[in-house]
2 protein chains.
Amino acid sequence: MSEGVEWALHSCLNLTWAPPGEAVTAAKLAAFYSLPAAYLNKHLQALARAGILASTSGPRGGFRLARPPEKITVMDVVTAIEGPEEAFRCTGILAAGPGGRTDVDYRAHCVISQTMAEAELAWRGHLAGRTLADLKATVEQRFPHTPENTRNGFANARA
Amino acid sequence: MSEGVEWALHSCLNLTWAPPGEAVTAAKLAAFYSLPAAYLNKHLQALARAGILASTSGPRGGFRLARPPEKITVMDVVTAIEGPEEAFRCTGILAAGPGGRTDVDYRAHCVISQTMAEAELAWRGHLAGRTLADLKATVEQRFPHTPENTRNGFANARA
DNA sequence: GATGTGCTACTCGGATAGCCTGTGTCCGAGTGGCGACGG
DNA sequence: CCGTCGCCACTCGGACACAGGCTATCCGAGTAGCACATC
């Protein structure tokens, strides 16, 4: 899985603590964890295309959450970065075997494909059931001064 | 995910129906689905290294299951091909942030890492709970002549 | 006819190229803010 | 003093190189079986 997923999740979570109605630049988000700003920007663009973030150009511009954290699941972020297609892609090689039909959808009939699809469904279900608001609440409970620290980090970061 | 996983799973399942005590060559397994034999061989080697298959060189050689199908899970096969490391790899970027410690294992404390790990655990659990014997039984119930067809395919396949 | 030996063909195993998806970087288009200028 | 205009700096957005891993292939090491010569 792409490393950008981790960056995107942490960045979205940090945006949760940004001052309301204020946009944070990609440079500030990157400086938070010493990440390459231009590359993180690329991933943030993907999140914006997916409708998770809203982007603003020019001075005082940057990124902010397009929806309240309760409406953004971890699965949404992963899908925005990794793409919608599932990890295990059934190529239907059974069609090339003896007794194979080319007019049959083996994604639905092949037992192996079904098993992998079920497992992936369980994975997706876990991630779809966890929202940014859940993560935010958990972090704030464990580390109460995280919101303040994050805001200060944004304010002190140059660029 | 690598396409070799699909090939490996189908090949292992086909080996389930091979005549007992008889080895099947990589060429025959590849001919079954018109796959490149040399490349499939590479994946079968990985399965052999993982102790899932037993390989024999020379004439009358080939591959056979190293354990009864009840003792081989889908997860075993996936791990043998894809490697043991988990898909989401927490790089601990929190350590580079404000208040980050380099002596803390963020794979255990970072909420994002935990969430991804739980989801992946669900995925692995599903695959670890499904054995080759389960797949074999399901296929035989749906398509009763598959064992015979597979054996004939092995016999008729040249090379 | 039985047996030992050398050869042959066959199969796995690892070493070797090619390609395609991330990874990382750069510069241009667009925009809001600020200062200067004029009324 | 107030309004307008022009410039400028800032930010996203997409186009451009680089790398690592998956895909694909080939040839060599080892071995089981067979044919043949010999006893």
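Each chain gets a letter, A, B and so on, in the order the sequences are listed, and its residues count up from 1.
B/Leu132 contributes atom CG, which lies 13.0 Å from atom NZ of B/Lys71 (distance to the nearest 0.5 angstrom). The NE2 atom of A/His10 sits 6.0 Å away from the SG atom of B/Cys90 when rounded to the nearest 0.5 Å.
When each of B/Glu82 and B/Pro36 is assigned the nucleotide of DNA chain D bearing its nearest heavy atom, the one mapping closer to the 5' terminus is B/Glu82. Where A/His43 and B/Leu44 meet DNA chain C, the nucleotide closest to each residue was compared, and B/Leu44 sits on the side nearer the 5' end.
Between B/Tyr39 and D/dT23 there is a side-chain polar atom (N or O) within less than 4.0 angstrom of OP1 or OP2. Taking side-chain N and O atoms only, A/Ser2 has a distance below 4.0 Å to OP1 or OP2 of C/dT23. Phosphate contact (OP1/OP2 of D/dG13, side-chain N/O of A/Ser55, threshold under 4.0 Å): present. Note on A/Arg49: every side-chain N or O is 4.0 Å or more away from OP1 and OP2 of D/dC12.
Contact check for B/Thr146 versus B/Asn149: no side-chain heavy atoms found under the 4.5 Å cut-off.
Taking atom CZ of residue B/Arg60 and atom P of nucleotide C/dC12, one finds them 13 Å apart after rounding to whole Å. Here the P atom of nucleotide C/dT21 and the CD atom of B/Glu3 are 13 Å apart, to the nearest Å. Between the CG atom of B/Leu47 and the P atom of C/dG14 there is a distance of 13 Å, rounded to whole Å. Spacing between atom CG of A/Asn41 and atom P of C/dG22 amounts to 19 Å, rounded to whole angstrom units. Counting to the nearest Å, the C1' atom of C/dT25 and the CG atom of A/Leu35 are 15 Å from each other. Note: CG (B/Leu29) to C1' (C/dT11) measures 13 Å, nearest angstrom. The separation between B/Leu15 atom CG and C/dC12 atom C1' is 15 Å, rounded to whole Å. Note: CD1 (B/Ile93) to C1' (C/dT23) measures 16 Å, nearest angstrom.
If you check D/dG13, C/dT25, C/dG13 against the side chain of A/Ala38, the one that comes closest is C/dT25. Picking from D/dA32, C/dT31, C/dG24 the nucleotide with the shortest atom distance to the side chain of A/Pro59 gives C/dT31.
B/Arg124 and B/Glu86 are not joined by a salt bridge, as no carboxylate oxygen comes within less than 4.0 angstrom of a charged side-chain nitrogen.
Relative ring orientation between B/Trp7 and B/His43 is described as perpendicular, the plane-to-plane angle rising above 60° on a 0-90° scale split at 30° and 60°.
Using a 4.0 Å heavy-atom cutoff across all strands shown, B/Ala26 reaches sugar-phosphate atoms only and no base atom.
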